[in-house]
Structure formats: C-alpha cells, structure tokens
Undergrad: 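Sending over a structure as structure tokens; questions will come in a sec.
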Amino acid sequence: MEILLFFVYSLIITLSTIGYGLLTSRYLNLTFNNIGLYGILGLFFLSIVSSYTHLILAHNYIHNLIILFCGLLWFWVFKKKILNDLKYLIILFFLLYVFLIISKTNEDFGYYHLPNSIQFAQQKLQFGLGNLSHGFKHISSIFQLMSLNYLPFVKFYLFNLTNFLFFIFFLAFALKEIFKKSSKNLNISNILLSLIFILFLTKFSRLAEYGSDISGQIIISVYLFYLHELIFNSKFNSKKKIEFLKISLILILFAITLKFILVIYSLLLLLSLLLIKEKIYIVTRVINLNFLIISISSIFIFLFLNFTSTGCLIYPVERLCFSNNFDWALDTQTINYLNFHYELWSKGGRGPSFIVDNPENYIQSFNWVSNWISVYFIGKFTDFILVTFIILIIFSLFFSKEVFIINSNLKKFDPKYFLFFFTIIIIFFIWFINFPTLRYAGFIITFLIIILPFSIIISKKVNLFLKKNMKKLFILFLLSYSIFLFKNVTRISDELKLEDHSHHNFKNFPFFWVEKTFQEKISVNKFILQKAKGKCWATPSTCVRNSDNLKIISKNGYIFYINKNKNEK
C-alpha cells in the first residue's frame, strides 16, 4: 500500500504541475506545444506561489492539498492542448520511476535541503533563521517546491520528487523537440540537445546526485536550446523570436532562484540581444505587463527570502548585506568568514577532513591551481571529461558513414558562432576563477565547450531529420536508457541488501533513509525549539544546532532570531 500510495501521489503531483504550466503559458500568451516545457513552467509558477504563501502560511497538509487540487483543475481545463503527448509522458514516467526510489539521498540533503523544506512546511516566515544553523543560510526556490510535497501519510518522504520532476520534464522536452514532425529547429540545435539528453540519462542517472545544483543546470540546458535557436535560426519571424526570448528570460530567472551562481549564463542572453535583428521591437513586445508581473515577482521574493534568513539580498555577498541595520541579520564577520570558507572549499583548499596551510594566501591570484589540479581536477573533473568524450565517440560511431567523410560544407558556417563560443569561454573562465567545482554551475559550461565545436562539424555531415538517422538516434537513446536502468537497478539491489543498522538502508522501503538524530526540546525566551546534535535531518521545526547566545522575540506575529553577541564581535 505504501508503494502504491507513493506512486499515485507522484503521478498526481506531476499532472498538477503540468496544469500550472498550462496556466502559465496561457497567462504569458505562449503558443508552443511541448508537455515537458509545460512541466518546467509549472515548477517555475509553483516556486513563486509557494514563496509568497510562505509569508503568511505554513505549507501544511491543507495548504498543499489545495495547491494540488487547483493544479489538477487547471490540468483538466486545458487538457486538450496536451492529450496527444500525455500518453508518452506517462510511459516516460513509468520507465524512469526507478530513479525516484532511493535510500541514499544527496550529500547535503540532511544538512540543509530537508531541514529548510520542513521549516517551510511547518512554519510560516521567520526572520534570522541563519542564526540557528548554517543550513538555514542557504535559500533556493527548490526548497519551496519540495515543501509543497508535504502530504498526508507520506509526510516529507516525497520531497525528492521535485528533482525527479526536473529530470523527467527535461527528458520529455528534449524528446519532443528532437522527434517532433515538421520540425523547424536547426539541425545543430537537435544535435546539441541530443548530446545533453544522453549526458543526463547516463551520467546524472541517480537521484542522490541531485540537489539545487543539477536541477538548476537542467533548466540552463533548456535555456541554452532556446537561446541557440533565437540567435541562429534565420527561419524565425518576429513572433517566434518574441516567444523564444520570453521563454529564455523566464528560464534564466528560474535558474537564478534555484542557484544564484547560474547568473553567469545570462551573458549569453546579452549576446542574443546584441545579435538578433529588430531587437528594440522584439524586446518591447516581450516586456508587457503580464511578463513584468511574473518575472519581477519571481526575483523579488527570491531576494526577500534571502534577506529574511540572513539579512543579505544575495548571501554571502557582504556588499549586499544589511548587518548593521537589523539586529537579526548575520554579522559582517560571519558573512566574510563563510564567503572565504566557500571559496576555499571550491578551490580545493578545504575538505571534510583537511585544510591547507596559510589559506588566506592560498586563494590569492592563482596560488590554488596546482593543489586544485591534484585534489579535484585529477579525478572528478577528468572523469567528467572522459564521460563527455565517450559520449562523442559513441555518437560518432552510430553515424560513422556520414561523420568520417570529407565534406566541403564545413567551410560554410555562421560566423556568429565565433562570438557565441567566445562568450561560452568567458563564462567558463568566470566560473573557473571564482568557484571551480563542477556542481557549482560547471557541468554544462564544461560540456558545452567540448561538444559545441563537435556539433558544428557534425551538423554539416549528419542530418538528424532523415528517417534513417532518427532511427539510429532512437537506438542510441535506448542504449542510454539501458545504462540508466542498469545503474539504478544495481543501486537499489545493493541498498536493499544493507542491514537495518547500516546507514542509507532500505528498512523504510520505498521511502528514503533518514538518520536518527539526538534532539531535545529547549525553551528560549519562552519559545520552544528542537535542539539537534549534528545535522538537523528530519528534526521537527524549528531546528537549532547551537542555542548559546540566542535571543528570540515576536513582533507583529513574526518570530525573529537574534545573536546576542553580534554587537560584541
């Protein structure tokens, strides 16, 4: 019964999310027909709704059931638009569902994903949560989305469904674009999308790898597809360009709210505005009242929730913090220390069990590069590059008859690709200089640097729109799915064999493993908190790891957490 309930809830939430996507596309006057993109727009809309309702309400069972029901209502109202594709999405849902059945979660799940989502589910807005635990300092719209899956009987055990939805909607989007009849996409766009599809299905095939990092880069992948078409597809009329620019803007905003680091990809948006014709006419048609309302609402609430947690509009950027203006805000010393800590960690100067000598000097200029190469590049980075080249080799072998012939058309390509590739290199160096860890926005930009030159060459030789090549691509996708299935079935088999006392066991099958934490109720200024030792994990709200020097006050119906020693630092 638990497995059946788990499955039914998951399917209903998926359909409800698509319903909100259909509503959003109608509100923004979008005319596309891709069920995967409807799902992504639904996630975007729900991230806004959940963020605003959190200001006055906890995301409890009643709140979430109402949200779920309304989404199903919109799905029913607009169902004619996606009936033809719905059966394919449901088949994809069945084929990929093994992805969602996990015991081991993301490495940061118990640290801040689960505690933040439980906080949103059980409490309305509170100020200064960053003073309770480092985990509460990190804000992402994915936590608001996860909290909407707090439902009767399953409780918080469907929080990971949110990442599954990102995964399944992207794959559905890509399949629709690649195989749709009478496609007007560029051949190279479909090649790029096919390679990214294979990457996610084979490399990022386990839910335990997912956090806000990978889900954000999924959104960037869709964003890159639309920007590429916007810049290079000469068949587009003004109406099509307006729609693609509008979708691109929504996607980059969504990505930023998932992980602010992804803002570096907005450079490609600026490039598109530079290169497209009739830019003034197109931009003025994009920025209408409805678009302004939904886009401003998205970025405003993201900044505001960051601010209420830490006192910073963007944490941990000290220049955007108001430490001296609000007593509940993080102090400047803490912000600067943590900013330094994150930079040191991303550059290989610190790990769970080590820290380099003289860390202040280590991060200066490029002093960190040699150590970064030894502790990070050789291993994680080289493994990813190896996976990328294996994908390219296998893709080439599938189309070997066309790939390994000399083609005079190679000299004929759009010179705008020089600017496009140059911008990609700039983004790569911004990422590398500041936060050279692949999960921090680096997977897609690294992959793109390698596959774009390959795709330009291949697009002159291999026409994916030919029926014979479509069949080859379909077989290649089936092979990728076989790898996906093998990895997940093997994983589940191994997890089911774990003893009940082992970490990440499947005693609670099909629900994920939760570490039992020591906790005790404490009273601070007559407010009850749950004090946890170590990570909060599934500790009921509001979880605190260190209550020393903590002061709590209530003002106008809202709770404020204050570090009493702030002014002494």
Side-chain angles (χ1 to χ4, degrees), residues 2 6 58-61 100-124 126 128-140 142-147 149-163 207-212 309-310 330 334 338 341 345 351-353 495-496 498-525 527-550 552 559 561 563:
E2 287 177 335
F6 192 72
H59 293 172
N60 55 27
Y61 295 158
L100 184 58
I101 302 174
I102 62 168
S103 63
K104 184 182 184 301
T105 49
N106 178 270
E107 60 183 10
D108 289 328
F109 191 73
Y111 171 45
Y112 69 98
H113 291 201
L114 183 58
N116 269 295
S117 301
I118 288 177
Q119 179 69 21
F120 289 128
Q122 296 180 349
Q123 304 289 340
K124 72 172 185 178
Q126 296 180 349
L129 284 169
N131 288 309
L132 303 183
S133 166
H134 287 321
F136 287 129
K137 297 178 178 70
H138 302 273
I139 297 296
S140 168
I142 203 168
F143 304 146
Q144 283 89 44
L145 288 169
M146 285 181 172
S147 68
N149 297 334
Y150 186 70
L151 294 165
F153 305 109
V154 294
K155 300 178 182 177
F156 52 78
Y157 285 105
L158 271 179
F159 282 2
N160 276 309
L161 176 65
T162 301
N163 283 312
L207 187 54
E209 299 172 302
Y210 279 64
S212 55
S309 180
T310 62
L330 300 180
T334 298
L338 290 172
H341 167 81
W345 186 287
S353 59
E495 290 173 345
L496 286 171
L498 293 174
E499 300 292 336
D500 289 352
H501 63 273
S502 302
H503 277 211
H504 312 299
N505 65 71
F506 243 142
K507 181 181 179 181
N508 202 25
F509 183 86
F511 303 132
F512 57 77
W513 176 82
V514 173
E515 183 174 341
K516 292 182 179 179
T517 56
F518 172 80
Q519 62 193 65
E520 61 175 330
K521 285 186 179 181
I522 61 171
S523 177
V524 179
N525 305 130
F527 292 90
I528 301 300
L529 297 176
Q530 303 287 340
K531 187 174 182 180
K533 186 176 181 180
K535 295 179 180 179
C536 285
W537 275 97
T539 301
S541 64
T542 296
C543 175
V544 58
R545 294 176 65 184
N546 185 3
S547 59
D548 296 341
N549 305 312
L550 184 65
I552 307 176
I559 293 175
Y561 299 102
N563 181 355

Undergrad: Test your reading of the model: is there a side-chain donor-acceptor pair from S103 to the backbone of H504, 3.5 Å cut-off?
TA: yes
Undergrad: CG of N160 to CE of M146: how many Å apart, nearest 0.5 Å?
TA: 5.5 Å
Undergrad: What are the two closest heavy atoms between N525 and I552, and how far apart are they?
TA: OD1-N, 2.7 Å
Undergrad: Looking at H113, is its backbone amide N or carbonyl O close enough to the side chain of S117 to form a donor-acceptor pair, meaning the two atoms are under 3.5 Å apart?
TA: yes
Undergrad: Could you label the plane-to-plane angle of the F143 and Y112 rings as parallel, tilted or perpendicular, counting under 30° as parallel and over 60° as perpendicular?
TA: perpendicular
Undergrad: So does Y561 get a backbone contact from the side chain of N131, meaning a donor-acceptor N/O pair under 3.5 Å?
TA: yes
Undergrad: If only atom types and distance count, is the side chain of N546 paired as donor or acceptor with the main-chain N or O of D548 below 3.5 Å?
TA: yes
Undergrad: Under the 3.5 angstrom rule, does the side chain of N505 hit a backbone N or O of W513 as a donor-acceptor pair?
TA: no
Undergrad: When you measure from the side chain of Q119 to the backbone of S541, do you find a donor-acceptor pair of N or O atoms at a distance under 3.5 Å?
TA: no
Undergrad: Measure up the H341 and W345 rings against each other and bin them: parallel (under 30°), tilted (30 to 60°), perpendicular (over 60°).
TA: tilted
Undergrad: Fit a plane to each ring of F512 and Y157, take the angle between them on a 0 to 90° scale, and name the class: parallel (under 30°), tilted (30 to 60°) or perpendicular (over 60°).
TA: tilted
Undergrad: Taking all non-hydrogen atoms of both residues, which atom of F159 and which atom of N149 are closest, and how far apart?
TA: CE1-C, 4.0 Å
